[in-house]
Amino acid sequence: MALLIEDNNRVRTLTFNRPDALNAFNEALYDETTVALRAAAEDPDVAVVLLTGAGRAFSAGNDLVEMQTRISNPDFTPGAHGFYGMIEALAEFPKPLICAVNGVGVGIGTTILGFADLAFMSSSARLKCPFTSLGVAPEAASSYLMPRLLGRQNAAWLLMSSEWVSAPEAREMGLVWKVCAPDDLLPEARRHAETLAAKPISSLMAVKQAMVAPIRGAISAAVEREKALFVELVGAAANVDALAQFADRKGADG
């Protein structure tokens with residue numbers, strides 16, 4: 001299974017479980033996460049969802065090996081839900097969503113935090129949005145959510161520079177709420193999740209609905225803008241060169 005699911009005290013923990021690939025998202029992980037989020041939304045015994053990663057990474061973003069195959073192979077079979085299905089499930093998720101960033105977070109491993117109601121980060125973790133180094137556009141409504149969350153200049157640096165952001169920098173920007181020692185990360189995230197989960201689910205959902213309703217349309221519009229730009233840039237020279245360099249590095253490492 002690409003995703004582990006565990007329930008405890010009305011908190012459902014979803015753990016990205018491709019540790020050998022640094023929890024990079026392939027079609028299977030997108031699909032399993034989409035299905036799990038929708039199931040948690042409907043489950044009357046789940047009050048809060050906690051997202052984290054197995055091993056030393058939170059998520060290394062899109063699986064670039066699979067991404068290159070998708071571009072080069074006309075017979076590639078996409079998942080039932082895929083990236084955009086997961087983004088829709090995140091945008092529509094009606095209950096508190098907590099992220100515990102246990103290790104490296106790249107691409108969607110960073111932009112997913114735009115959908116978190118609370119985000120915790122290990123002091124040893126790092127985050128990066130490598131869009132410009134891959135020659136592509138931003139994703140996951142980050143072009144809208146990140147300026148709103150971080151302010152224009154922090155968001156511009158995060159989305160344009162393809163540079164690493166440390167845990168203290170992420171906390172200062174407002175990208176995460178709390179930074180914890182590595183061994184304290186999950187206990188702290190779970191403690192806060194269980195504090196919320198002890199409250200009436202109907203009330204938690206009412207608070208989230210009231211907070212998110214005014215921006216839901218803007219999120220959808222941002223996703224559509226980003227999708228059009230992504231389609232325009234994927235397969236263009238800069239993107240092809242970047243993926244080829246990545247494949248060459250993988251070959252040299254392998």
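This chain uses plain numbering: 1 for the first residue, then up along the sequence.
Cluster membership check: Val106 does not share its hydrophobic cluster with Phe131, using side-chain heavy-atom separations under 4.5 Å among Ile, Leu, Val, Met, Phe, Trp and Tyr. Following chains of ILVMFWY side-chain contacts shorter than 4.5 Å, one can reach Phe115 starting from Phe93, so the two form part of one hydrophobic cluster. In the hydrophobic cluster analysis, where Ile, Leu, Val, Met, Phe, Trp and Tyr join through side-chain heavy atoms closer than 4.5 angstrom, Leu97 is grouped apart from Val48. One hydrophobic cluster, built from ILVMFWY side chains closer than 4.5 Å, cannot hold both Leu50 and Leu113; they sit in different ones. Leu149 and Leu118 are not part of a single hydrophobic cluster, where members link through side-chain heavy atoms under 4.5 Å apart.
A donor and an acceptor atom, one from each side chain of Glu6 and Thr13, are nowhere located under 3.5 Å apart. Side-chain contact, Thr15 with Thr52: no donor N or O sits under 3.5 Å from an acceptor N or O.
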Evaluate Trp177 against His192 for side chain to side chain contact (heavy atoms under 4.5 Å, CB included), listing each step before the verdict. CA-CA 12 Å; Trp177 189 46; His192 284 81; 3.6 Å; yes

Could you check Val49 against Ile98 for side chain to side chain contact (heavy atoms under 4.5 Å, CB included), going step by step and ending with a plain yes or no? CA-CA 6 Å; Val49 162; Ile98 297 178; over 6 Å; no

Evaluate the side chain to side chain contact (heavy atoms under 4.5 Å, CB included) criterion for residues Cys129 and Thr111: first the C-alpha distance (whole Å), next the side-chain angles of each, then the deciding distance (0.1 Å), finally the verdict. CA-CA 8 Å; Cys129 290; Thr111 56; 3.9 Å; yes

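Proximity of a side-chain donor or acceptor of Asn154 to a complementary backbone N or O of Leu150 within less than 3.5 Å is detected. A donor-acceptor pair under 3.5 Å links the side-chain atoms of Arg10 to the main chain of Ala197, judged by distance alone. For the pair Thr132 (side chain) and Met160 (backbone), a donor-acceptor distance under 3.5 Å is present. A donor-acceptor pair is defined here as one N or O able to donate and one able to accept, closer than 3.5 Å; such a pair exists between the side chain of Lys95 and the backbone of Val46. Asn102 places a side-chain N or O within donor-acceptor distance of the main-chain N or O of Ala57, the cut-off being under 3.5 Å. A donor-acceptor contact shorter than 3.5 Å is absent between the side chain of Asp31 and the backbone of Gly79.
Val136 and Leu233 get closest at one heavy-atom pair: C-CD1, 3.7 Å. Of all the heavy atoms in Val212 and Ala91, the pair that sits closest is CG1-O, 4.4 Å. Between Ser123 and Ala181 the shortest heavy-atom distance is OG-CA, 3.8 Å. Ser59 and Ala24 make their closest contact through OG-CA, 4.2 Å (heavy atoms, listed as atom of the first residue, atom of the second, distance). The nearest pair of heavy atoms linking Gly107 to Pro130 is N-CD, 3.5 Å. What you find for Pro96 and Ala47 is that their closest heavy atoms are CD-O, 3.3 Å.
Among residues two or more places apart in sequence or in another chain, the ring-ring contact (aromatic ring centres under 6.0 Å, His included) test is passed with Tyr144 by none. Every residue two or more places apart in sequence or in another chain that forms a salt bridge (charged side-chain N to carboxylate O under 4.0 Å, His left out) with Arg18 is listed here: Asp63.
The CZ atom of Phe58 lies 9.0 Å from the CG atom of Asn23; values are rounded to the nearest 0.5 Å. In this structure, CD on Glu188 lies 12.5 Å from CG on Asp183, to the nearest 0.5 angstrom. Atom CD1 in Ile108 sits 5.0 Å away from atom CD in Glu139 (nearest 0.5 Å). Interatomic distance, Phe120 CZ to Arg190 CZ, rounded to the nearest 0.5 Å: 12.0 Å. Atom OG of Ser142 sits about 5.0 Å away from atom CG of Leu159, to the nearest 0.5 Å. In this structure, OG on Ser220 lies 10.5 Å from CZ on Arg225, to the nearest 0.5 angstrom.
At least one side-chain heavy atom of Leu175 sits less than 4.5 Å from a side-chain heavy atom of Met146. Residues Arg148 and Ile215 meet the side-chain proximity criterion, which asks for heavy atoms closer than 4.5 Å. With contacts defined as side-chain heavy-atom distances shorter than 4.5 Å, the pair Asp7/Asp45 does not qualify. By the 4.5 Å heavy-atom criterion applied to side chains, Arg126 and Val165 are not counted as neighbours. Looking at Trp164 and Leu127, their side chains never come closer than 4.5 Å, going by heavy atoms from C-beta outward. Asn17 is not listed as a side-chain neighbour of Leu29, based on a closest heavy-atom distance of 4.5 Å or more. Side-chain contact between Glu32 and Met1: present, with at least one pair of heavy atoms (C-beta onward) separated by less than 4.5 Å. Taking the side chain as every heavy atom from C-beta outward, Ile112 and Leu90 approach each other to under 4.5 Å.
Taking the six-membered ring where tryptophan is involved, the planes of Tyr30 and Phe83 are perpendicular, since the angle between them exceeds 60° and thus also 30°.
Counted within 6.0 Å of CZ on Arg38, heavy atoms from surrounding residues, nucleotides or ligands total more than 12; the atom is thus considered enclosed.
Among residue pairs with one or both ends in residues 194-218, those qualifying as side chain to side chain donor-acceptor pair (under 3.5 Å) are Asn9-Glu194, Asp117-Lys208; sequence neighbours excluded.
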